[in-house]
Structure formats: C-alpha cells, structure tokens
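Just below is one structure, and these are the notes that go with it.
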Amino acid sequence: NNFIYVLTKTLITRYMLNSFIIAITATVVRLILSTLASYAFAFFKFKGKNFFFFFIVGTMMIPSEALLISNYLTISELGLLDSYLGVVCVYFVSATQVFMFRQNFLTISGSLREAAFIDGCNDLQFYSQICIPVSKPVITALGLSSFISVWNTYLWPLLVTNREEMRTVQVGITMLSSSDTAAKGHVFAAVGIILIPMIVLFGISQRNIVHGISSGSVKG
C-alpha cells in the first residue's frame with residue numbers, strides 16, 4: 001500500500017526524472033570538460049601550466065557551502081532559478097576529476113603520442129581514439145561517482161528550485177514526511193524506489209570497472 005501510495009499520490013516519478021536529467025547532464029559535461037582540460041595539462045606546453053593546474057587543484061580545499069551565496073546570486077541574476085540549467089551548471093567542472101584524468105594521461109607514453117603524430121594523427125584524434133579508450137576504467141569509476149554525487153545532492157537544488165515540479169528526489173522525499181504523523185511507511189517506500197536505479201547502475205558499472213582494471217593489469 002505504501003508503494004502504491006507513493007507511485008500514485010505523490011510526484012516521486014517527476015522527482016526521479018528531474019534527478020536523472022540533472023545527474024546525467026552534469027556527469028557527461030563534467031567528464032568531457034575534465035578530460036579535455038586534463039589532456040591539455042598532460043601533453044601541452046604553455047606558460048603558467050603548473051600554476052593553473054595547482055590553482056585548479058587548490059579549489060578542492062574550498063568547501064562547496066562557502067560558495068552557495070555567490071552561486072545563488074549569480075544564478076538568480078541570470079534568471080535561471082527553477083530551471084534545469086540553474087541546478088546543473090554548478091556541477092560542470094570538477095577539480096578532482098581534472099586531477100585524476102591528468103594523472104591517468106601522464107601514464108600514456110610520450111613516444112606513443114609522437115608515433116601517432118608521425119602517422120598523421122592530430123591532438124583531437126589522439127585524444128578520442130587513444131586516450132579515451134585506454135582510460136575507460138577511470139572514466140567509468142569517475143562517471144559513476146559523479147552521477148551518485150549529483151543524484152544525492154540536497155542543499156543546492158533546495159535553494160534554486162521553488163516549484164514542486166522542479167524538485168529532485170532528495171528534496172522531494174523530505175516533503176513526504178510530516179511532523180503531524182508518526183507513520184513513515186510511504187517515506188521508506190520512496191527511499192526504496194529511488195535506491196533501485198543506484199543499485200542497478202552500480203551493478204552494471206562494477207563489471208566494467210573490474211574488467212578494465214584486470215585487462216590493464218598485465219603490462220604489454
């Protein structure tokens with residue numbers, strides 16, 4: 001009865017759709033930007049490269065809560081409140097992923113890049129046809145981590161969404177609970193429902209992670 005109530009009497013499906021759109025968009029854009037930036041830091045030579053890299057890495061020491069007010073004011077001035085872009089744009093860049101991908105790309109032999117360029121390969125082809133395929137285990141792990149992290153985010157979506165139709169699952173679940181009643185069955189039912197995609201995603205991704213690690217464990 002609790003599951004039926006949650007699926008028919010609440011907006012749990014809408015909350016899950018919102019979270020899927022936000023988490024998938026943030027994960028895809030974050031992976032693209034992180035791999036491109038990491039490729040530049042790993043293979044390009046330009047003035048101030050180390051400074052910019054350590055500056056980006058240094059932002060990991062800044063807690064996200066310290067940026068809430070400035071981010072909210074920016075999103076408000078741009079008129080992006082109550083929109084998918086307003087929720088998701090703060091997750092587009094991840095210093096942690098830039099660092100991880102940069103370290104991973106540094107393991108690729110420089111002679112391999114030189115040989116590829118001699119054969120007529122350019123930077124975009126080397127990035128897409130060599131760096132990305134050999135980095136599949138890292139991409140899978142960081143993509144899964146990013147998706148779960150954005151899916152479980154609570155405070156930022158709560159601040160920038162006012163309409164109930166734009167709420168994410170973490171915010172929506174809190175609205176199912178009432179202090180006037182001790183019965184929490186429908187809340188636990190909702191929690192069980194939103195855990196299903198995470199369990200399925202982890203089960204699928206775990207196989208890819210293990211396969212990638214085991215295939216790369218033998219040198220040569």
Side-chain angles (χ1 to χ4, degrees), residues 18-68 70-81 83-108 110 113 116 121-157 159-161 168 198 201 204-205 208-209 212:
N18 293 338
S19 291
F20 267 118
I21 294 174
I22 293 169
I24 291 175
T25 304
T27 299
V28 172
V29 175
R30 181 183 288 184
L31 288 174
I32 294 174
L33 294 180
S34 298
T35 52
L36 288 173
S38 302
Y39 182 87
F41 283 123
F43 297 108
F44 290 172
K45 295 181 179 179
F46 54 90
K47 187 176 181 180
K49 181 177 73 171
N50 292 332
F51 170 79
F52 287 115
F53 175 72
F54 286 110
F55 177 80
I56 293 175
V57 173
T59 61
M60 291 190 296
M61 296 184 291
I62 302 176
S64 59
E65 291 78 7
L67 303 175
L68 281 176
S70 59
N71 286 341
Y72 179 84
L73 293 176
T74 302
I75 296 301
S76 178
E77 292 175 358
L78 293 175
L80 296 178
L81 295 178
S83 67
Y84 289 124
L85 183 59
V87 179
V88 76
C89 65
V90 298
Y91 305 117
F92 282 165
V93 179
S94 170
T96 303
Q97 289 198 4
V98 172
F99 174 77
M100 295 295 292
F101 280 121
R102 185 251 191 185
Q103 298 304 109
N104 179 71
F105 288 160
L106 287 177
T107 62
I108 299 176
R113 185 168 180 265
C121 183
N122 56 36
D123 280 302
L124 182 59
Q125 291 173 327
F126 184 77
Y127 161 81
S128 60
Q129 298 178 13
I130 297 178
C131 292
I132 296 301
V134 301
S135 302
K136 183 179 178 181
V138 181
I139 293 175
T140 303
L142 293 180
L144 176 62
S145 174
S146 174
F147 185 91
I148 294 177
S149 175
V150 177
W151 177 275
N152 290 328
T153 300
Y154 172 78
L155 187 56
W156 177 250
L159 291 177
V160 297
T161 57
T168 59
M198 295 296 97
L201 179 63
I204 297 174
S205 302
N208 294 331
I209 294 174

Would you call [X] and [Y] a side-chain contact if the rule is heavy atoms closer than 4.5 Å?
X	Y	value
Tyr91	Thr25	no
Phe52	Phe41	yes
Thr74	Glu77	no
Phe101	Leu31	yes
Phe147	Leu201	yes
Ser64	Trp156	no
Thr168	Tyr154	no
Arg113	Phe126	yes

> When you look at Leu81 and Tyr72, which way does the side chain to side chain contact (heavy atoms under 4.5 Å, CB included) test go after all the steps?
Replying inline: CA-CA 9 Å; Leu81 295 178; Tyr72 179 84; 3.8 Å; yes
Rounded to the nearest 0.5 Å, how far does [atom2] of [Y] lie from [atom1] of [X]?
X	Y	atom1	atom2	result
Ser94	Leu33	OG	CG	10.5 Å
Leu73	Leu68	CG	CG	10.5 Å
Phe99	Thr59	CZ	OG1	12.5 Å
Arg30	Ser149	CZ	OG	6.0 Å
Met198	Leu144	CE	CG	8.0 Å
Ser34	Arg102	OG	CZ	14.0 Å

So, the side chain of [X] versus the backbone of [Y]: is there a donor-acceptor pair under 3.5 Å, distance only?
X	Y	value
Thr140	Lys136	yes
Ser135	Val138	no
Gln125	Asn122	yes

>> So for atom CZ, which belongs to Phe55, do other residues, nucleotides or ligands contribute more than 12 heavy atoms lying within a distance under 6.0 Å?
In response: no
Considering all heavy atoms of both residues, which atom of [X] and which atom of [Y] are nearest to each other, and what is their separation?
X	Y	value
Lys49	Phe44	NZ-O, 3.0 Å
Ser128	Ile132	O-CB, 3.9 Å
Cys89	Ile75	SG-CD1, 3.3 Å
Leu142	Gln97	O-NE2, 3.4 Å

> Between Leu85, Thr153, Val150, Thr27, which is the residue that forms a side-chain contact (heavy atoms from CB on, under 4.5 Å) with Ile22?
Replying inline: Val150
> What's the verdict on ring-ring contact (aromatic ring centres under 6.0 Å, His included) for Phe20 and Trp151, showing C-alpha distance, side-chain angles and the deciding distance?
Replying inline: CA-CA 7 Å; Phe20 267 118; Trp151 177 275; 5.0 Å; yes
> Would Ile108 and Cys131 satisfy side chain to side chain contact (heavy atoms under 4.5 Å, CB included), going step by step from the backbone distance to the final call?
Replying inline: CA-CA 8 Å; Ile108 299 176; Cys131 292; 3.7 Å; yes
